Amino acid sequence: MTRLNLALLIALLASALYLVHTQYESRRLFAELDKAMSDARKLDIERERLQVEKRAQATPSRVEKLAKEQLQMRTASPAITQYVTLRGAVPGTASEQAGQP
Amino acid sequence: MNKSLAYTSSPLLAARTPVWRSKFIVGAIALGFVALAARAVWIQVLSNDFFQKQGEVRFERKLELPANRGRILDRNGLMLATSVPVPSIWAMPEDMERDPRKLAQLAKVLELPLPELEKKLQDEDKSFVWLKRQVDDEVAKRVAQLDVKGVYQRKEYQRRYPEGEAAAHIVGFTNVEDHGQEGMELAFDKQLAGRPGSRRVIKDRLGRIVEDVGEQVPPVDGRDLQLSIDSKVQFFAYQKLRDAVIENKAKAGSVVVLDVASGEVLALANYPSYAPNRRQNLTGAQLRNRALTDTFEPGSTMKPFVISLAMEKGLVRPETTIQTSPGRLTIGGSTISDSHAHGLLTVNEIIQKSSNIGTVKIAMQMQPRDMWEMFSEVGLGQKPQVPFPGAVSGKLRAYKTWRPIEQATMSYGYGLSVSLFQLARAYTVFGRDGDIAQVSLLKSGDAAAGVRVIDPATAQAVRHMLHLVTLAGGTAPKAQTMGYSVGGKTGTAYKQEGKGYDEKKYRGVFVGIAPIEKPRIVVAVMIDEPSAGKYFGGDVAAPVFSATVQQTLRMLGVQPDMNVKPQVVVERVEESF
């Protein structure tokens, strides 16, 4: 009888310790998961920020300024454009005389 | 000597005590346990609010989950406005270390005057005060380096507007609390704003989250808003307008570009404008979205409507001639005059040369009611159906109150008022073969539903007249643009000052359609108080029209409908034998 009781006591203690361990593990893993999620959010925000920055670098005003000042380009006009009509599309008037220097 | 006293032989034990005494003790102890148990039940089960709360205070935290405000996109999905988190600096005054040297450093880093900073720290609330909201990353880093006790940072969302001043009026802006204040940001604030969520968690000693408690409320992000604006068209329209306003030393200007088929607003710009990210020292003049919120007398731009009505009524045909000499006409004691006497003009020429006398002579053959109906049908005096804050309806008085002289002046655009936006929309009647488009600031892509106003044949005839305006002999040859045929109408109106007209202040307007045979866009331009010598709509507004049409049609991929002498340089290498 005493032996059985002892065995049960040990089993109880072991199970209690295991419970503590599991709880600890679960909390640790949860904290890790949470951190990963907050990292994901941070990266998301960073991506948005970089996208804005990219967009700000490519606004028409900036592009035009750089093209005109640094690359000495000029705005296209119909006189220096060759219009190509796709087969099946309605032929335009300009395409017929374009392309002859 | 010492007489041992065995315990068992204690005389006390020998003494018989009454049984009730031991029973009483047992009972008392049992009662004590019952009381304890009852108390335990009371605390842990029945009335546990207080302790629960205390426990929560110690390890449970409620976290706010911020929602993103929706982005505003242009018709091609390019970003016009979006939110990014930026640091804000706050302090806990009661905890703060009051080292004058450090405070001075802090004030310098934050670019705040020291007295202002000190005042903030003396405010009533001892546990929280914003020092400066939405600062640059650089500033935040330097504040962190200063390491002043009691000064903290947190992330707040800030709106960014990559297009800057070009699209400022249409997009609008938000305040520091992320609520829309102007423009589409205000009009669609509900849709754009998200709903923040929350979650309750248990944090451990190190501040790590170890468990979720109860229900989570996920944040609902705001929905994106796609406008009908094309950011390239918008920029070019703004740029050309700005150059024209500066060149003509004008007070202000507006431009509206509409897609004829879909009724979408491709561009809507005003000058002066502002940079939405730096809004210090803004004036009302910069903020006003003139194209939608300012009304003016449209002047001669009304004439095509009067003529088209007369044609619908069968009163005139494009070739009908009207005598406009000697350039003066008296109605009800008031005299109407043309700036140049023209003599005998056809209806075509009346529009081409913008003759007031000719228009009035035609208009006076019609009933005020018919004219009023025409003006109403093209949207004058009515609020445009766009969800824009502050869009105005303009003024169109009831026809019953019109005196003959008023009917006469209204035929050439005095005595009623419109916004540039209304004017642009009204011209879709001619662009769409007689029906007026529903305009939209949001991308729809479909052809807009229209309401028939005039006969397609009439619309085409008027379009031809508008084309004549831009040819030699018209009032606006400067509206011509390379490769594309255009048509439009000039308007030059005296500005109303108080009760009368100020004969030195003008407003130059040009509204036009391009390409004239197969219209794609309507462009309306208004230049307010040009004061560099030129003031006719054909001189100040038409060049903006021309440049805007050129760029817009090119970007829309419309092929030129007129012959252009190609200047394509083709390098030819000699064939070698």
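Protein chains get the first letters and strands the later ones, always in sequence-line order, with residue 1 at the start of each. Keep in mind that what you see is a predicted model, and the values were worked out from it rather than measured.
Annotation: side chain of B:S231 is in contact with side chain of A:R55 (closest heavy-atom distance under 4.5 Å). Side-chain atoms of A:P78 and B:R554, non-hydrogen and from C-beta on, never get closer than 4.5 Å to each other.
Counting heavy atoms of neighbouring residues, nucleotides and ligands inside a 6.0 Å radius, atom CD of B:E517 does not exceed 12 of them. For B:R133, the CZ atom is densely surrounded, since the number of other residues' heavy atoms within 6.0 Å is greater than 12. Within 6.0 Å of the CE atom in B:M555, the count of heavy atoms belonging to other residues, nucleotides or ligands exceeds 12. The number of heavy-atom neighbours closer than 6.0 Å to CD of B:E215, taken from other residues, nucleotides and ligands shown, is 12 or below. A:R28 CZ: more than 12 foreign heavy atoms inside a 6.0 Å radius.
With sequence neighbours left out, B:R69 forms a salt bridge (Lys or Arg N to Asp or Glu O under 4.0 Å) with B:E185, B:D189.
When A:L33, A:L29, A:T75 are compared by the number of non-hydrogen pairs under 4.5 Å with chain B, A:T75 comes out ahead. Annotation: maximal heavy-atom pairing with chain B below 4.5 Å, among A:A76, A:A56, A:S61, A:S26, occurs at A:S61. Annotation: maximal heavy-atom pairing with chain A below 4.5 Å, among B:R199, B:Q234, B:K232, occurs at B:R199.
Atoms NZ and CE, on A:K54 and B:M79 in that order, are 8.0 Å from each other to the nearest 0.5 Å. One distance of note links CG of B:N68 with CG of A:D44; it measures 7.5 Å at 0.5 Å rounding. Distance check, rounded to the nearest 0.5 Å: OG1 of A:T59 to CG of B:L78 gives 10.5 Å.
Contact record, A:R49 with B:V84: CA-CG1, 3.6 Å, taken as the closest heavy-atom pair.
Heavy atoms of B:T481 lying under 4.5 Å from chain A are absent altogether. With a 4.5 Å cut-off on non-hydrogen atoms, B:Y238 does not touch chain A at all. Proximity to chain B is limited to the side chain of A:R41, based on heavy atoms less than 4.5 angstrom apart. If you measure heavy-atom distances from B:V558 to chain A, the contacts under 4.5 Å come from the backbone alone. Neither the backbone nor the side chain of A:S38 comes within less than 4.5 Å of any heavy atom of chain B.
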Given B:T82 and A:Q51, is the side-chain contact (heavy atoms from CB on, under 4.5 Å) satisfied, shown in steps?
-> CA-CA 10 Å; B:T82 190; A:Q51 270 184 350; over 6 Å; no

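Using a 4.5 Å cut-off between non-hydrogen atoms, the part of residues 161-170 of chain B that approaches chain A consists of B:P162, B:E163.
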